[in-house]
A.B. asks: 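Structure below; questions to follow.
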Amino acid sequence: MSTYLSIDQCRNITAQAYVGGLPICYRDGNVSPQFVQTVLDALSLLPEQLLQIIAERQFILILSGILSDVHPEQKYQKPRGHSQHGKGDDINGLCCASLRHIHLTEFTTRHKAMDTAETLRHELGHALDYSVGAYLGLGYRDVSLNYDFNQVHLADVTLMGSHAKQVLTYYIQNCSLAGRSEAFAEATASLFGGGCQDAEYFWRHFPNVVAWVESNILNVLGIPTRGDF
Ligand SMILES: [Zn+2]
């Protein structure tokens with residue numbers, strides 16, 4: 001029997017836990033109890049207001065073995081911003097905003113995922129990006145599409161040295177929409193303990209982006225940051 005879960009089945013998985021109102025969905029046997037505990041521990045360290053806002057937008061967090069367990073079509077698809085040889089099963093997190101799914105996987109193609117908490121914080125940043133535009137009256141689906149955010153992103157990229165540009169290329173992606181979306185997600189993660197990059201390195205090279213997300217989004221929403229929660 002196939003272990004694949006269709007998109008509809010994802011929605012039909014009964015939530016096994018809720019943290020800050022966010023449903024945590026998985027099937028016993030698909031993931032180890034240790035992996036579930038790692039996720040629950042990471043969620044418990046985040047401000048509840050952050051999870052509540054995402055939950056109100058009806059996101060669910062889905063845990064699986066590898067990504068193609070739940071998204072078979074991703075198996076051979078190149079993830080955004082990855083090298084041309086990248087495959088869906090090489091990544092251990094994904095935020096699918098249109099479906100309001102956040103995915104975290106225990107394994108990638110080659111090994112056990114080592115950075116579950118960091119990936120979780122980054123993917124929650126994407127979910128927040130999608131959740132708060134209408135909430136704040138910005139009139140956009142994603143806050144990272146907002147004109148002011150684009151200006152601060154451009155300001156940081158303009159000042160960035162060539163080495164930092166190489167290290168942070170994922171958050172630039174030729175200043176495309178994808179780059180700005182990744183920078184928003186990572187800036188959010190960096191304010192809650194760090195995402196896929198070292199938080200201090202990210203702050204140093206994206207000072208305007210981080211300050212903008214903190215003062216225009218998180219402070220406005222009353223979400224404590226930088227460990228004040
Ligand atoms: Zn991302």
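Predicted model only: the values in this text are computed from it and were never measured. We count ligands from 1, going down the list as the structure has it; atoms in each ligand are counted the same way.
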A.B. asks: When you check the space around the Zn ion (ligand 1), which protein N, O or S atoms turn up under 2.8 Å?
C.D. replies: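 You should have found His122 NE2, His126 NE2, Glu182 OE1.
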
A.B. asks: Under 3.5 Å, is there a donor on one side chain and an acceptor on the other for Gln197 and Ser190?
C.D. replies: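 Not at all, the side chains of Gln197 and Ser190 share no donor-acceptor pair under 3.5 Å.
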
A.B. asks: Check for me whether the distance between the ring centres of Tyr130 and His126 falls short of 6.0 Å.
C.D. replies: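 Tyr130 vs His126: aromatic centres not under 6.0 Å.
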
A.B. asks: Hey, are Asn92 and Thr105 close enough side-chain-wise for a donor-acceptor pair under 3.5 Å?
C.D. replies: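 Thr105 vs Asn92: no donor-acceptor pair found between side chains.
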
A.B. asks: State yes or no: are the ring centers of Phe35 and Tyr26 separated by less than 6.0 Å?
C.D. replies: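 Centroid distance Phe35-Tyr26: not below 6.0 Å, so no.
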
A.B. asks: Classify the ring geometry between His153 and Phe206 as parallel (under 30°), tilted (30 to 60°) or perpendicular (over 60°).
C.D. replies: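 Correct class here is parallel.
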
A.B. asks: Among Leu218, Leu120, Leu124, which residue satisfies the side chain to side chain contact (heavy atoms under 4.5 Å, CB included) criterion with Phe192?
C.D. replies: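 The side chain to side chain contact (heavy atoms under 4.5 Å, CB included) with Phe192 is passed solely by Leu218 among Leu218, Leu120, Leu124.
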
